[in-house]
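Below is one structure; the comments refer to it alone.
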Amino acid sequence: MSQTISVRHDERTTDLPDGSTAIQALKALEAVRGQVVAARVDGAAWDLDRPVPDGAEVEPIYADTDEGRAILRHSTAHLMAQAVTDLFPGAKWAIGPPIEDGFYYDFDVERPFTAEDLEAIEARMHELARERQAFVREEVSHDDALAEFADQPYKREIIALVDDGRIVSEVDVAADAGDGDAAPTFTVYRNVRVGGDGSVEVAWSDLCRGPHVPSTERIPAFKLLRSGGAYWRGREDQPMLQRIYGTAWESRKQLTAHLEMLEEARKRDHRRVGRDLGLLHQPEELGPGLSIFLPNGALVRKQMEDWIRDETLARGYLPVYTPHIAKEDLWQRSGHLENYAELMYPGMEVEGASYRLKPMNCPFHIMAYTSRTRSYRELPIRISELGTVYRYERSGVVNGLLRARGFTQDDSHIFCRDDQVVDEVVACIEFARDLYRAFGLGEPSRVAVSTRPEVKAIGTPEQWARAEKALEEAAARSGYDYEVDEGEGAFYGPKIDIHARDAIGREWQLTTIQVDFNLPERFDLSYVGEDGAKHRPFMVHRALFGSIERFFAVMVESFNGAFPTWLAPEQVRVVPVAADFLDYAEEVGATLRAQGVRVHVDASDDTLGAKIRDAQTSKIPYTLVVGGAEAEAGTVAIRPYRGDQRKDVGLATFVAEVTEEIAARRTEPHG
RNA sequence: GCUGGAGUAGCUCAGUCGGUAGAGCAAUCGCCUCGUAAGCGAUAGGUCAGGGGUUCGAGUCCCCUCUCCAGCUCCA
């Protein structure tokens, strides 16, 4: 055993007494440049107060990085669990990982938490934080871990799962594998009170892999957000626990900014904005998950639909229209009754036959394909439709337009040869990219390849492997970094899902592209090849908006109802300063209308201020104020929803500007 | 589907101890005719989500159902 150890950071090395901790090493190496919460030692996350081995490469983990925040949040989860244990004696605790923007911890308690409980827990957390409790890491044996958590059944279950080599979640498993064949070592983190006289008292302990911040006072800003039920290990056959969500940040400023973002998101809710701006109506009379697009909403939607119709035609897709229902036999043959029945509305008996509302459009597009013999010369055949489908979603999941029971997909099915699949999928990804750009969403935030589900998958493993390979190849060729979501594919084939972020940073799953080798077989699809023989085509399903309704909701929330001019239901509002100038206002309106601009002349007898306010709160891109001066000179005073007013602009100039902005489908206001 | 919370005018909300329903905005009508975010006045608007129960009496207390919200699960 040597008296000194050597540590290094970047190119520097230094010697320290044996037993030196990570923070001592970092300081000795002058490697600390900010608020450090933990270290990285030879690539592994490491507590600052944990001794480092000889020869270690040591790096700081800062609080203002994703990794640093995750550690901070994980520690905050422990703090919360300690507070819950204090306030709810007998509470059993399950797991408490960091998540995007926060953390949660699941508890088994006598009754669900109330809002008042959360306030009390948060208050207790602040008290505990002020006690400056140290997080102390301790390695314990398997048996000691079992004994220590004898009255914590969920912790014991985690230990058992580790024993079995099954991992619940990377974040929470406390075992340190890597000791070869030795029994796993478990780590326990103890929250320790240090008295003024140097006495120590263990306040709370949890089985946890860590690392943690050194002390509770190093948690600068946190807030509990909500509570709700959550199944143990996420499985419906398991007991329901009570989960508390919270958020924690490296500074009060960051916390405040995050809370403001949440409030902004709440205010932007498409159900609220949709009602305020007359876009949507969801009367109870229709039933859950069903919506009316009011005229303002319908005009926005029409622009979306026009865009996708024009683009699909331009890219060689062939339009079809298909019915909303079909005989049950069709759904039998497609496999939907076998694999998708729980999401389908029940049958309607008519003239001795049972009909079903369609949950998907594929069988209809297949009927379009099989309407006559197909030649290899025709492929790929891209059948396209805005197809409205109905899915009997479980009652708890329905959510406005984001999760509806009736919705419309910009659905296409591409029938192609084996050697065309990758090209077609790449073209779909590029199409989706163009769509996101056109609608102001920027670049995709996430591209994920979903593979064969463990349950409910049809087709052979070889077919799946081939289709998954094609999708991965296409994803790679598209140039985006992609992830693989194991087991998340559709029952008939693997898929690529594309996500995008909206104006306030939230991520949405929109586009889906799926390769299907199954339906072509079920429907015995074929084309005549160059060799005169029959061949089986592949099928690519794809919906770029995903659902028009969901994408519409994302548009509403991303733009907060203030649509770019080309999408806005009312593009220009003409406001006469007084009734005397109504004639000129009508003339301005007629001029714009003649150019296809959606314009409304405010002929009410409200005051000018009230009319301006109405136009502003309606988020109309341009308000034109006209009075004597404008009528005299043939000009308008322009008040854009965003940006500065411009007076004495010639009417012809404004018409030219606004029509150009609309034609170019700009997502940023002109000028 | 599961756990919890909530439903009062078109919207946002008040309604005390169980005593018979209220405001602002919106709407309608009238006055005002206005130069850049709310002029003034009047009128109308309710099966208090629906059903049942307790009570002399229920928006209020109890039960059931529906719908919505949050979370889980699921998903475009």
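Order of the sequence lines fixes the chain letters, A, B, ..., with proteins taken first and strands second; residue numbering starts at 1 for each chain.
Remark: P of B:C13 and CZ of A:Arg272 are 8 Å apart, rounded to the nearest angstrom. As a whole-Å value, the separation of A:Leu402 CG from B:C74 P is 18 Å. Counting to the nearest Å, the C1' atom of B:C74 and the OH atom of A:Tyr340 are 10 Å from each other. Atom CD in A:Glu116 sits about 11 Å away from atom P in B:G5, given to the nearest Å. Atom-to-atom, CD of A:Glu342 to C1' of B:C74 comes out at 10 Å; the value is rounded to the nearest Å. As rounded to whole Å, 13 Å separates atom C1' of B:C72 from atom CG of A:Asp237.
Taking every side-chain heavy atom of A:Arg271 into account, B:C69 is the closest of B:C69, B:U12, B:G4. Side chain of A:Ala637, nearest nucleotide from B:C72, B:A76, B:U36: B:U36. The side chain of A:Ala610 sits closest to B:A38 out of B:G71, B:C68, B:A38. Taking only side-chain atoms of A:Asp605, from C-beta outward, the nucleotide of B:C31, B:C66, B:A76 with the closest atom is B:C31. In the set B:U33, B:G35, B:A70, the nucleotide with an atom closest to the side chain of A:Glu630 is B:G35. Checked against B:A76, B:A70, B:U36, the side chain of A:Arg226 finds its nearest nucleotide in B:A70.
Between A:Thr607 and the phosphate of B:C34, there is no side-chain N or O to OP1/OP2 separation shorter than 4.0 Å. Side-chain nitrogen and oxygen atoms of A:Arg639 include at least one within less than 4.0 Å of the OP1 or OP2 phosphate oxygen of B:A37. Between A:Lys495 and the phosphate of B:A76, there is a side-chain N or O to OP1/OP2 separation shorter than 4.0 Å. For A:Arg243, no side-chain nitrogen or oxygen approaches OP1 or OP2 of B:U3 to under 4.0 Å. Between A:Ser227 and the phosphate of B:G71, there is no side-chain N or O to OP1/OP2 separation shorter than 4.0 Å. Checking the phosphate oxygens (OP1, OP2) of B:C72, a side-chain nitrogen or oxygen of A:Tyr245 falls inside 4.0 Å. Taking 4.0 angstrom as the limit, A:Asn399 places none of its side-chain polar atoms (N or O) nearer than this to OP1 or OP2 of B:C75.
With hydrogens and angles ignored, no donor-acceptor pair under 3.5 angstrom links the side chain of A:Arg233 to the base of B:C72. With hydrogens and angles ignored, a donor-acceptor pair under 3.5 angstrom links the side chain of A:Glu393 to the base of B:A76. Counting distance only, with no hydrogens placed and no angle test, the side-chain atoms of A:Tyr231 and the base atoms of B:G71 include no donor-acceptor pair under 3.5 Å.
For A:Glu632, the CD atom is loosely surrounded, since the number of other residues' heavy atoms within 6.0 Å does not exceed 12. Other residues, nucleotides and ligands place more than 12 heavy atoms under 6.0 Å from the CD atom of A:Glu342.
Comparing A:Leu343 and A:Phe113 against RNA chain B, the residue whose closest nucleotide sits nearer the 5' end is A:Phe113. Place A:Leu510 and A:Leu608 on RNA chain B by their nearest nucleotides, and A:Leu608 ends up nearer the 5' end.
Partner of A:Asp485 under the salt bridge (charged side-chain N to carboxylate O under 4.0 Å, His left out) criterion, out of A:Arg446, A:Arg452, A:Lys495: A:Arg446 alone.
Contact annotation for A:Ala115: no contact, since no heavy-atom pair falls under 4.0 Å across all strands. Residue A:Gly627 is classed as a base contact, given a heavy-atom separation below 4.0 Å to a base.
By the stacking rule of 5.5 Å between ring centres and under 30° between planes, A:Phe407 stacks on the base of B:A76.
In this structure, the ring of A:Phe107 has its center no less than 6.0 angstrom from the ring center of A:Phe88.
Atom CD of A:Glu549 is separated from atom CZ of A:Arg405 by 15.0 Å, given to the nearest 0.5 angstrom.
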